[in-house]
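Remarks on the structure that follows.
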Amino acid sequence: MNSLSNTSTQTPRKWLNMVNLLKAPSIILLLVWMIVPLSMTLYYSFVEYNLLYPGPKLFIGLENYSYFSTDSAFFPALFNTLVLVGSVLIITVVLGLALALLVNQPFFGRGIVRVLLISPFFIMPTVNALIWKNMMMDPNYGIFSVISDFFNAVPINWLEDMPLASVIMMVSWQWTPFALLIFMTSLQSQDTEQKEAAQLDGAGFWSIFRFLTLPHLARPIAIVVMIQTIFHLSLFAEIFVTTGGGPGFASTNLAWLIYRQAFLAYDVGVASAGGVFAIILANIVAFFLIRAVGKNLTE
Amino acid sequence: MILNISQRKTIKHWATGLFAWMVALTLFFPILWMIMTSFKTELQAISQPPLLFWEATLDNYALIQERSDYLKYALNSLYTSVGGTLLALIVAVPSAYAMAFFPGKYTKDILLWMLSTKMLPAVGVLIPIYMITQMGGLLDSIYPLILIFALMNLPIIMWMLYTYFKEIPKEILEAARMDGATTSDELRHVVMPLSWGGIASAGLLSLILCWNEAFWSIQLTASDAGTLAALIASYSSPEGLFWAKVSAASTMACAPIIVFGWFCQKQLVQGLTFGAVK
């Protein structure tokens with residue numbers, strides 16, 4: 001009895017130290033990874049610093065910020081960023097849900113269908129962009145133009161006429177399988193007895209979906225929204241490979257605008273100010289998102 | 001004609017199947033078309049109407065290997081993906097374990113903060129990272145990429161592992177502790193065997209994300225440490241219609257990870273649920 005109570009008073013302290021020792025590396029690494037570049041970006045955003053004009057880095061206050069935010073591309077870029085994330089989220093969640101419901105039915109060759117459906121998720125964004133830019137959307141030789149020829153319609157010059165929609169299409173194609181993967185697994189754990197009972201009571205497909213399936217999927221949907229927002233807020237590769245932000249600023253998002261400023265105009269100061277704007281936007285989105293779905297995640 | 005229930009069921013079964021197959025083939029079509037195009041000549045690749053039957057050629061593949069040394073880029077992709085994933089797992093497994101089994105007052109806040117660091121756009125810190133890498137003389141080297149990949153995926157891996165560990169019943173651990181197991185015993189002999197599934201799927205997702213990562217590889221590498229994603233991006237310049245060659249390069253860049261993904265589908269899904277499936 002004595003020895004037992006002894007261990008129970010000793011263990012908590014020993015455990016606590018060990019536990020903190022285990023927790024520490026990941027926290028410290030991420031903290032450094034966040035703080036060092038962040039403070040450098042902050043510093044650069046307040047000085048005059050252009051790689052083309054070497055010289056002392058003079059403190060110029062908020063000039064970089066006002067320059068970046070009065071750039072005629074600033075508001076289009078901000079708007080495009082939000083449209084891009086929002087549209088992709090809606091498309092992938094709706095399509096992912098529909099596909100998950102479909103694949104959840106029994107039919108022949110379901111395994112292969114599933115494999116085909118999730119494949120786009122494994123494709124590199126750069127390859128994804130190249131496939132769509134060349135072989136699908138090319139106004140002369142692309143599959144889409146072949147289809148519109150077949151219907152005697154005028155082929156659309158996708159990347160010129162609807163650049164943002166084209167990028168949204170590519171990204172949605174890649175990420176719908178991700179939503180599908182998560183919804184599919186979640187549907188498999190749904191209570192079938194409950195569903196059968198509802199069916200016996202005369203509930204139709206829609207009411208079962210609305211009152212049983214959708215509530216069951218609340219958490220997976222939250223996860224899909226969360227993870228995808230993280231990835232799409234700073235979407236880069238697809239724009240880099242296809243539209244280059246154009247024509248004009250039609251497909252420029254915040255990430256691309258900053259990239260352009262830093263690596264095409266060599267203006268580190270202004271680009272850093274843009275980086276700070278992007279970080280602020282990300283924080284606003286993160287704040288709302290974590291409030292909306294974060295609680296759902298940690299329960 | 002009146003159909004009985006089982007006949008109706010069969011019809012529904014076939015109709016669903018047919019529809020599902022059509023949808024699946026449509027969504028898979030771009031990939032299929034890429035693979036088909038890679039076996040055509042440049043002229044066949046842009047022929048109108050598109051060729052469905054032709055004599056396949058392997059010339060594009062030979063040319064790609066010859067011109068851009070595919071193998072070097074593939075190895076860079078492999079080293080950075082595996083290196084980044086292993087590094088992240090080494091850090092994340094003990095941390096996630098500690099957080100799941102001995103949560104402190106702030107554990108949940110810390111986890112949410114970790115996830116929120118992923119929302120910081122990479123471009124926001126591109127310049128500092130570029131400069132630090134340059135100062136260290138490590139531009140176009142795989143080591144900074146390995147570190148960045150590890151840090152980039154650490155929050156998501158932490159999340160996946162945390163939710164996975166949390167599902168392990170605490171009683172088992174208590175029993176082990178009663179038997180005098182130390183922390184490391186516990187981790188190695190109790191937690192690890194029970195959570196291979198979660199660790200594997202976190203690792204798999206991380207491998208896929210690293211392999212496909214384009215932003216940092218495009219910015220920080222050139223010909224020495226270039227990964228396949230960066231190699232493909234270099235084909236985007238409008239130097240004319242080389243669809244067949246681009247397709248061959250793309251197919252070679254994606255094939256390893258697609259085949260890998262197909263084989264590991266079940267494993268991957270297991271941990272992708274982030275604890276969403278109860």
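In this text, all values refer to a predicted model and were calculated from it rather than measured experimentally. Each chain gets a letter, A, B and so on, in the order its sequence line appears, and its residues count up from 1.
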Is there a side chain to side chain contact (heavy atoms under 4.5 Å, CB included) between B:Trp243 and A:Asp138 once you walk through the steps? CA-CA 11 Å; B:Trp243 291 7; A:Asp138 187 274; 3.7 Å; yes
Tell me whether the centres of the aromatic rings in B:Trp14 and A:Phe108 are closer together than 6.0 Å. yes
Between A:Trp175 and A:Phe231 (judged by ring centroids, cut-off 6.0 Å), do the two rings come close enough to count as a pair? yes
Is it the side chain or the backbone of [X] that comes within 4.5 Å of chain A heavy atoms, both, or neither?
{"X": "B:Ser250", "result": "both"}
{"X": "B:Phe260", "result": "neither"}
{"X": "B:Gln219", "result": "side chain"}
{"X": "B:Leu27", "result": "both"}
{"X": "B:Ile258", "result": "both"}
{"X": "B:Met99", "result": "both"}
{"X": "B:Leu147", "result": "neither"}
{"X": "B:Leu32", "result": "neither"}
{"X": "B:Thr251", "result": "neither"}
{"X": "B:Pro103", "result": "backbone"}
{"X": "B:Ala122", "result": "backbone"}
{"X": "B:Leu151", "result": "both"}

Given the ring of B:Trp159, does B:Lys166 sit roughly above its face, with NZ or CZ under 6.0 Å from the centre of the six-membered ring and within 45° of the axis? no
Quick one about B:Trp262 and A:Ser119 (side-chain donor to acceptor, distance below 3.5 Å, no hydrogens or angles considered), yes or no? yes
Just checking, is any N or O donor in the side chain of B:Thr37 or B:Ser247 under 3.5 Å from an acceptor N or O on the other one? no
How long is the straight-line distance from CZ of A:Phe150 back to OG of A:Ser145, given to the nearest 0.5 Å? 14.0 Å
Relative to chain B, which of [options] shows the most heavy atom pairs under 4.5 Å?
{"options": "A:Val285, A:Leu281, A:Ile143", "answer": "A:Ile143"}
{"options": "A:Ser26, A:Ala24, A:Ala282", "answer": "A:Ser26"}
{"options": "A:Pro177, A:Gly142, A:Ala255, A:Ala129", "answer": "A:Ala255"}

Between [options], which has the largest tally of heavy atom pairs under 4.5 Å with chain A?
{"options": "B:Thr117, B:Ile208, B:Ile31", "value": "B:Ile31"}
{"options": "B:Ala88, B:Ala92, B:Cys254, B:Pro128", "value": "B:Pro128"}
{"options": "B:Phe19, B:Phe101, B:Trp113", "value": "B:Trp113"}
{"options": "B:Gly261, B:Ala214, B:Pro94, B:Pro30", "value": "B:Pro30"}
{"options": "B:Thr26, B:Thr107, B:Val91", "value": "B:Val91"}

Note: A:Thr126 and B:Ala229 closest approach over all heavy atoms is OG1-O, 3.5 Å
Tell me whether the rings of A:Tyr44 and A:Tyr49 are parallel (<30°), tilted (30 to 60°) or perpendicular (>60°). tilted
Donor-acceptor pair, distance only, cut-off 3.5 Å: does the side chain of A:Thr81 make one with the backbone of A:Leu254? yes
Do B:Ile132 and A:Met40 have side chains that approach each other closer than 4.5 Å (heavy atoms only, starting at C-beta)? yes
4.5 Å side-chain heavy-atom contact, A:Leu187 and A:Leu217: yes
